[in-house]
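Below: the structure, in structure tokens.
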Amino acid sequence: MSSTVVTRFAPSPTGFLHIGGARTALFNWLLARKLGGRFLLRIEDTDRERSTPEAVAAILDGLEWLGLDWDGDALFQFARADRHREVVEEMLAKGRAYRCYASAAELDDMRALARAEGRPPRYDGRWRDRDAADAPAGVKPVIRLRAPTDGVTTVEDGVQGRVVFPNKDLDDFVLLRSDGAPTYMLAVVVDDHDMGVTQIIRGDDHLTNAARQTHIYEALGWPVPAMAHVPLIHGQDGAKLSKRHGALGVDAYRALGYLPAALRNYLLRLGWSQGDREFFSTPDMIEAFSVSGIGRSPSRFDFAKLENMNGHYLRGMADADLRDTLVAALPHLPDGPALLSKLDDSRRAKLLAAMPGLKERAKTLVELADGAGFLFAARPLAIEAKAKEILEGGGRAHLAAMLPGLRALEGWSAASTEAAVRAYAERAGAKLGQVAQPLRAALTGKAASPGIFDVLDLLGRDESLARIADQATA
RNA sequence: GCGCCCAUCGUCUAGCGGUCCAGGACGUCGCCCUUUCACGGCGAAAACACGGGUUCGAUUCCCGUUGGGCGCGCCA
């Protein structure tokens, strides 16, 4: 246990925690938990314009909901600006960085010219070796890294393998802005180093940055952490997951009725695999995870598969747990608050009793809540279109004819009502379905529900009889 | 434009030179179960992007083409 792994998740608080970030966080979390290391959280808020406290809250909330707990307090990058400047002073002193007085207009021209000549738009190093005495008066300089111009920089990546970048393509990027604020490129390196990060797992949009950051590590004489760049997640159409393609924050997945355990499992299998295995409980995925199992090609997000997986987790839960999970989620679900306001002890009990029949018909908590709707409905019930058709198409007559027999029942249970209904069907020369469907329509207002005799039992004698009577005479 | 990454069924993927006329999962379709809808069971259709090599032998290795993606800011 001499070399403990330290991983981190480092989002910038400029928006919600999106699905790609959630997966990155999951991978880092899994590795730390598997190896008995630490999983740290760093908020990269050096962009003062775009960072917001709301976004910070959304990210923390999202991670908590997903069950990804971080070790220690979250670190805010902006608060470490003094330390970042200190490191730059050190680089300046060692000649590994220099002041650049080029104006914004100058840089624009430089890039435009490079493009026109078919060269990559890079800083040309015009202040790299210039005398400080040449500095124009009144211009605050930026500080740039004195990067190697020849040779190559190699990134040993846990996912991508050995990736080699010609140094001529990597320019002298900015470390400190003219107002003295550190840039992301600098801050990441300093913070990862100071936090003792040993393994970086992040999106492969950072792969090129890895080479640039390697230059900083080398300039400082610091060891480069192990890196793993994970291919990005794309939308269902193959294009980048963006707002317009329905990129959602994890809070949206909660509102859609997904279970954190199911989302974790889905996210794990999106880009990571271990043979044919699909299902991993949380302890199992901690046990099984490894960087070497991460795939190299980008993947597309597939709601259908997530939904299927969520259904598996839903059905696999114990009834009481699922009932409690549903109740706890109600505030976040579309019509949840309304149901919550009607939830009393009696309904809590009924919800539990109904769970076996409900859960195998639902893939999400939203569907589960919807299925449970008949337990909360008040008379007279709202009747859906399909249920109405059943009632209009001869259903009401059956209800009226069944009523006396049901009323005369001694005991009221699934078994006793089933016997009565079957007896009636036989007498009427009807198939069970022909009488069960009108009952379902009257009792639930829908054309689909759990087994009808269970519904009768759940609702109880008085409520059942009243609902049937409502529709028999309507 | 330059650099880098990627390329197996519609989707997620297994495959790490012969075991592959390519396996699993989701989705789709059919059948069974059945009071509805589901669940469950059974079955079907469905892929190695293309072209060159290397090799006795390529889905697996190399090169190119094509197609995607990412990066190239005093953003992160």
Side-chain angles (χ1 to χ4, degrees), chain A residues 10-14 44-47 49-51 77 100 102 104 107 111 114-123 140-144 155 157 159-161 163-166 168-171 173-179 181 183-185 187-188 203-209 211-212 229 231-232 234 236 238-240 266 269-279 295-309 311 315 357-363 367 371 386-387 390 418 421-422 425 431-437 439-441 444 446-453:
Chain A
S12 56
T14 54
E44 310 217 315
D45 57 348
T46 53
D47 184 341
E49 300 290 303
R50 299 195 297 154
S51 297
Q77 192 160 61
C100 165
L107 294 173
R111 280 188 272 269
R115 235 171 231 285
E117 293 177 359
R119 289 182 291 111
R122 307 264 186 277
Y123 176 69
K140 291 204 164 175
V142 300
I143 296 176
R144 290 180 181 271
V155 175
D157 192 276
V159 172
Q160 311 289 346
V163 186
V164 178
F165 297 88
K168 65 177 171 55
D169 296 324
L170 273 12
D171 60 0
F173 54 89
V174 175
L175 299 171
L176 226 49
R177 293 184 254 256
S178 52
D179 64 358
T183 61
Y184 158 83
M185 209 65 79
V188 171
D204 77 0
D205 49 337
H206 286 291
L207 190 53
T208 318
N209 291 337
R212 296 177 200 282
H229 289 88
L232 303 178
H234 293 172
Q236 278 164 319
K240 187 181 180 179
Y266 176 73
R269 284 289 290 103
L270 193 63
W272 178 90
S273 64
Q274 186 183 65
D276 285 339
R277 187 166 175 192
E278 297 283 350
F279 288 93
R296 306 219 279 164
S297 53
S299 44
R300 301 184 190 201
F301 194 89
D302 182 12
F303 271 100
K305 185 147 184 173
L306 203 213
E307 208 160 280
N308 172 276
M309 196 160 252
R315 291 192 296 278
L358 252 22
K359 70 182 179 185
E360 71 180 23
R361 290 173 173 76
K363 290 201 169 70
E367 290 177 2
K386 279 185 184 167
I390 292 165
E418 174 163 5
V421 172
R422 283 191 187 275
K431 285 187 164 184
L432 187 54
Q434 290 175 284
V435 301
Q437 280 303 80
L439 271 177
R440 192 180 322 275
T444 70
K446 299 180 181 188
S449 80
I452 197 61
F453 306 115

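All values below come from the heavy atoms of this structure, side chains included, with hydrogens, waters and symmetry mates left out. Proteins come first, then strands; the chains are lettered A, B, ... in the order of their sequence lines, and each starts at number 1.
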| Within the distance-only criterion (no hydrogens, no angle test), does the side chain of A:Thr183 pair as donor or acceptor with the backbone N or O of A:Leu175 below 3.5 angstrom? | yes

Out of B:C5, B:G3, B:A14, minimum distance to the side chain of A:Arg296 belongs to B:C5

Applying side chain to side chain contact (heavy atoms under 4.5 Å, CB included) to A:Ala114 and not counting sequence neighbours gives A:Arg119

Result for 5'-nearest mapping on RNA chain B, choosing between A:Pro166 and A:Asp204, is A:Pro166

| field | Interatomic distance at P, B:C48 relative to B:C9, whole Å | value | 7 Å

* Could you measure between the two P atoms, the one in B:C63 and the one in B:U54, and give it in whole Å? => 15 Å

Donor-acceptor pair, distance only, cut-off 3.5 Å: does the side chain of A:Arg300 make one with the backbone of A:His234? no

Picking from B:A76, B:G69, B:C74, the nucleotide nearest the side-chain atoms of A:Ser178 would be B:C74

Does a distance-only test, which skips hydrogens and angles, find a donor-acceptor pair under 3.5 Å between the side chain of A:Glu360 and the base of B:G40? no

Residues at least two apart in sequence or cross-chain that pass side chain to side chain contact (heavy atoms under 4.5 Å, CB included) with A:Asp276, listed by chain then number, are none

Short side-chain N/O contact from A:Thr46 to OP1 or OP2 of B:A76, under 4.0 Å: yes

From the candidates B:C4, B:C6, B:C74, the one with an atom nearest any side-chain atom of A:Ser297 is B:C6

ask   = Across the strands shown, which category fits A:Pro11 at heavy-atom distances under 4.0 angstrom: base, sugar-phosphate, nothing?
value = nothing

Testing B:A7, B:G73, B:U35 for proximity to the side chain of A:Arg422, the answer is B:U35

Exercise. Hey, is the side chain of A:Asp276 pairing donor to acceptor with the base of B:G23 inside 3.5 Å?
Worked result: yes

Re B:C72: Watson-Crick or G-U wobble partner, both distances kept under 3.5 Å, found to be B:G1

task = Keeping the roles fixed (side chain from A:Tyr266, backbone from A:Asp302), state whether a donor-acceptor pair exists under 3.5 Å.
result = yes

Below the 4.0 Å mark, does B:C74 have OP1 or OP2 next to a side-chain nitrogen or oxygen of A:Lys140?
no

key: P gap between B:G68 and B:C62, integer Å   = 23 Å

Assign A:Gln160 to base, sugar-phosphate, or nothing according to its heavy-atom contacts below 4.0 angstrom with the strands shown. sugar-phosphate

- prompt: Using a cut-off of less than 4.0 Å, is there contact between a side-chain N or O of A:Arg111 and OP1 or OP2 of B:C74?
  reply: yes

Which part of the nucleic acid does A:Gly451 contact within heavy-atom distance under 4.0 Å: base, sugar-phosphate only, or nothing? base

So does A:Arg277 reach the base of B:U13 with its side chain, donor to acceptor, closer than 3.5 Å?
no

Using modelled atom types only, decide if a donor and an acceptor are shared between the side chain of A:Thr444 and the backbone of A:Lys446 within a distance under 3.5 Å. yes

query: Just checking A:Phe173: base, sugar-phosphate only, or nothing, at a heavy-atom cut-off of under 4.0 Å?
result: nothing

- With heavy atoms under 4.0 Å as the rule, sort A:Val435 into base, sugar-phosphate or nothing. nothing

With sugar-phosphate meaning primed atoms plus P, OP1 and OP2, does A:Val174 contact a base, only sugar-phosphate, or nothing at under 4.0 Å between heavy atoms?
sugar-phosphate

Exercise. Ignoring hydrogens and angles, does a donor from either the side chain of A:Arg269 or the base of B:U13 sit under 3.5 Å from an acceptor on the other?
Worked result: no

Closest of B:C12, B:C6, B:U36 to the A:Pro298 side chain is B:C6

(request) Pick base, sugar-phosphate or nothing for A:Ala102, based on heavy-atom distances below 4.0 Å to the nucleic acid. (result) base

Pick the P atom in B:C37 and in B:G30, then give their distance to the nearest Å. 14 Å

For B:A14, the nucleotide meeting Watson-Crick or G-U wobble distances (both under 3.5 Å) is none

Q. Say you pick atom P in B:C16 and the same atom in B:G23; how far apart are they, in whole Å?
A. 14 Å

Exercise for review: Describe the nucleic acid contact of A:Ile452 in one word from base, sugar-phosphate, nothing, applying a heavy-atom distance below 4.0 Å.
Suggested key: base

Residues passing the side chain to side chain contact (heavy atoms under 4.5 Å, CB included) test with A:Val435, sequence neighbours excluded, are A:His398, A:Met402, A:Val421, A:Tyr424, A:Ala425, A:Ala430, A:Leu432

Exercise. Name the nucleic acid region contacted by A:Pro231, choosing base, sugar-phosphate or nothing; use a 4.0 angstrom heavy-atom cut-off, strictly under.
Key: nothing

Open item on the list: When you measure from the side-chain N and O atoms of A:Asn308 to the phosphate of B:G27, is any distance below 4.0 Å, counting only OP1 and OP2?
Closed with: yes

Pick base, sugar-phosphate or nothing for A:Lys363, based on heavy-atom distances below 4.0 Å to the nucleic acid.
sugar-phosphate

Across all chains, not counting sequence neighbours, the side chain to side chain contact (heavy atoms under 4.5 Å, CB included) partners of A:Glu307 are A:Tyr258, A:Lys363, A:Thr364, A:Glu367

Would a distance-only check, ignoring hydrogens and angles, find a side-chain to backbone donor-acceptor pair under 3.5 Å from A:Arg440 to A:Gly451? no

Hey, is the side chain of A:Ser299 poking within less than 4.0 Å of OP1 or OP2 on B:U13, counting only N and O atoms? yes

Separation of B:C72 atom P from A:Asn209 atom CG, nearest Å, is 7 Å

Using the P atom on both, measure B:G67 against B:G27 and round to a whole Å.
34 Å

Sort me out a list of protein N/O and nucleotides 60-66 of chain B N/O pairs below 3.5 Å, or just none if empty.
none

Sorted by chain and residue number, the ring pair (Phe, Tyr, Trp, His ring centres under 6.0 Å) partners of A:Tyr184 (sequence neighbours excluded) come out as A:His206

From the candidates B:U11, B:C2, B:C37, the one with an atom nearest any side-chain atom of A:Asp169 is B:C2

Is the side chain of A:Gln160 donor-acceptor paired with the backbone N or O of A:Arg296 at a distance under 3.5 Å, no angle test?
-> no

Self-check item: Under 4.0 angstrom between A:Arg315 side-chain N/O and B:G40 OP1 or OP2
Solution: yes

Result for 5'-nearest mapping on RNA chain B, choosing between A:Arg122 and A:Gly295, is A:Gly295

From the candidates B:U35, B:C70, B:A76, the one with an atom nearest any side-chain atom of A:Ala436 is B:U35

Out of B:C72, B:A38, B:A76, minimum distance to the side chain of A:Arg361 belongs to B:A38

#### Entry: B:G15 versus B:A7 - spacing of their P atoms, nearest Å
13 Å

Original post:
Is A:Ala304 touching bases, backbone alone, or none of the nucleic acid, heavy atoms closer than 4.0 Å?
Top reply: sugar-phosphate

Under a 3.5 Å limit on both distances, the Watson-Crick or wobble mate of B:A38 is none

For a quick check of understanding: with a heavy-atom distance under 4.0 Å over all strands, which category does A:Asp171 fall into, base, sugar-phosphate or nothing? nothing

Side chain to side chain donor-acceptor pair (under 3.5 Å) test vs A:His229 passes for just one of A:Asn209, A:Asp205, A:Asp157, A:Thr208, namely A:Asp157

(message) Over all strands shown, is A:Met185 touching base, sugar-phosphate only, or nothing at heavy-atom distances under 4.0 angstrom?
(response) base

Euclidean distance for P, B:C42 against B:C6 (whole angstrom): 39 Å

Between B:A25 and A:Lys305, counting only base atoms on the nucleotide and side-chain atoms on the residue, is there a donor-acceptor pair under 3.5 Å? yes

A:His229 near the nucleic acid: base, sugar-phosphate alone, or nothing, with a heavy-atom cut-off under 4.0 Å? nothing

Query raised in the report: So does A:Thr208 reach the base of B:C72 with its side chain, donor to acceptor, closer than 3.5 Å?
Result: no

